[in-house]
Amino acid sequence: MGEKKNLLTYEGLKKLEDELQDLKVVKRKEIAQKIKEAREQGDLSENAEYDAAKDEQRDIEARIEQIEKILKNAEVVVEDEVDLDKISVGCKVKVLDVEFDEEEEFKIVGSSEANSLGGKISNESPVGKALIGAKVGDTVQVETQEGIIEYKVLEIQRFN
């Protein structure tokens with residue numbers, strides 16, 4: 001069985017590609033320079049700059065590996081082809097929180113580009129799972145630790 005696909009919007013794909021390029025071209029050079037400077041200071045056993053630089057290098061390499069893995073299994077959602085009759089990855093959704101009578105807006109994205117502070121929720125999150133497949137006028141229930149939240153779908157749009 002193959003690995004599951006990482007759903008990405010075009011914007012998410014571009015952002016990951018740009019980050020990967022920056023890490024490989026800019027950050028690797030910066031960290032190599034820090035390590036070189038720390039080595040020139042002599043005794044590495046008590047050199048905090050060297051230890052910090054090596055830790056940073058490990059973090060950068062781990063992030064590069066993570067991004068490459070995401071991109072290897074990426075499936076780009078073409079926003080122009082998103083079916084606006086029902087909610088799917090690549091949609092911007094306006095909902096009404098039934099209990100508080102407040103409108104909220106979510107962008108449904110794949111898990112690797114979710115950012116709740118930016119209004120981007122994963123199709124695998126409780127809210128995302130509940131909304132996927134819903135149509136305008138539907139009310140969905142989301143089970144949370146605090147109880148059940150009901151959202152009424154008001155509008156489905158493309159991201160742009």
Side-chain angles (χ1 to χ4, degrees), residues 1-82 87-95 97 100 102-133 140-149 151 157-160:
M1 184 174 129
E3 289 187 55
K4 83 177 174 113
K5 290 288 183 193
N6 293 307
L7 294 175
L8 291 171
T9 60
Y10 179 73
E11 174 189 348
L13 175 69
K14 182 83 178 101
K15 204 171 181 180
L16 283 173
E17 289 173 339
D18 290 349
E19 181 183 353
L20 183 62
Q21 179 73 9
D22 180 60
L23 288 170
K24 285 182 166 183
V25 175
V26 178
K27 299 291 186 205
R28 272 184 174 163
K29 281 183 183 157
E30 288 174 0
I31 200 65
Q33 185 61 34
K34 285 182 186 178
I35 290 171
K36 181 180 176 212
E37 289 169 7
R39 279 191 177 135
E40 289 169 356
Q41 293 175 10
D43 185 9
L44 298 180
S45 65
E46 295 179 17
N47 189 326
E49 287 84 6
Y50 179 77
D51 290 343
K54 290 301 277 182
D55 286 347
E56 191 177 344
Q57 181 183 42
R58 186 189 64 245
D59 293 346
I60 288 170
E61 293 304 322
R63 180 62 180 153
I64 288 171
E65 186 179 329
Q66 181 185 34
I67 293 172
E68 286 176 338
K69 190 174 179 183
I70 291 169
L71 293 175
K72 187 177 123 204
N73 291 305
E75 183 176 312
V76 179
V77 175
V78 181
E79 285 94 345
D80 293 344
E81 296 173 7
V82 168
I87 298 171
S88 63
V89 172
C91 288
K92 182 164 67 173
V93 184
K94 190 182 286 185
V95 296
D97 181 324
F100 295 104
E102 291 178 354
E103 286 187 11
E104 294 184 46
E105 209 168 78
F106 301 116
K107 290 180 178 178
I108 310 293
V109 296
S111 59
S112 56
E113 66 179 298
N115 174 357
S116 57
L117 296 177
K120 293 180 178 181
I121 61 169
S122 166
N123 60 324
E124 297 174 16
S125 71
V127 174
K129 280 182 182 175
L131 288 171
I132 294 287
V140 299
Q141 294 186 337
V142 181
E143 198 170 323
T144 68
Q145 290 146 336
E146 290 82 42
I148 293 187
I149 301 173
Y151 290 114
Q157 304 174 324
R158 290 190 174 90
F159 271 12
N160 313 7

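Owing to the predicted nature of the structure, the values given are computational and were not obtained by experimental measurement. Just so you know, residue 1 is the first one in the sequence shown, and it goes up from there.
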Which pair of heavy atoms, one from A53 and one from I31, lies closest together, and at what distance? O-CD1, 3.2 Å
D59: which residues meet the salt bridge (Lys or Arg N to Asp or Glu O under 4.0 Å) condition with it, sequence neighbours left out? none
Go through the structure and list residues passing salt bridge (Lys or Arg N to Asp or Glu O under 4.0 Å) with K129, not counting sequence neighbours. none
With sequence neighbours left out, which residue pairs that include part of residues 22-33 fulfil the side chain to side chain donor-acceptor pair (under 3.5 Å) condition? K24-E68, R28-E61, Q33-E37
G110 and V89: which non-hydrogen atoms are nearest, and at how many Å? N-CG1, 4.0 Å
Electrostatic pair R58-D55, nearest N-O below 4.0 angstrom: yes
Nearest-0.5 Å distance that lies between atom CD1 in I70 and atom NZ in K5: 13.5 Å
Please name all residues satisfying salt bridge (Lys or Arg N to Asp or Glu O under 4.0 Å) with E124, sequence neighbours left out, ordered by chain then number. K4
Among V95, N123, I108, V140, whose side-chain contact (heavy atoms from CB on, under 4.5 Å) with I87 holds? I108
Of all pairs that satisfy side chain to side chain donor-acceptor pair (under 3.5 Å), the ones with a partner from residues 107-116, not counting sequence neighbours: T9-E113
Between I121 and G128, the two heavy atoms sitting closest are CD1-N, 3.9 Å
Using 0.5 Å steps for rounding, measure from the CG atom of N6 to the CG atom of L13. 11.0 Å
So OH of Y151 and NZ of K94: to nearest 0.5 Å the spacing works out to 15.5 Å
Would you indicate whether E40, at its atom CD, is surrounded by more than 12 heavy atoms from other residues, nucleotides or ligands within a distance under 6.0 Å? yes
Flag side-chain contact, heavy atom, 4.5 Å: I64 against L20: yes
By salt bridge (Lys or Arg N to Asp or Glu O under 4.0 Å), E49 pairs with (sequence neighbours left out) none
What do you reckon, is CD of E143 surrounded by more than 12 foreign heavy atoms closer than 6.0 Å? no
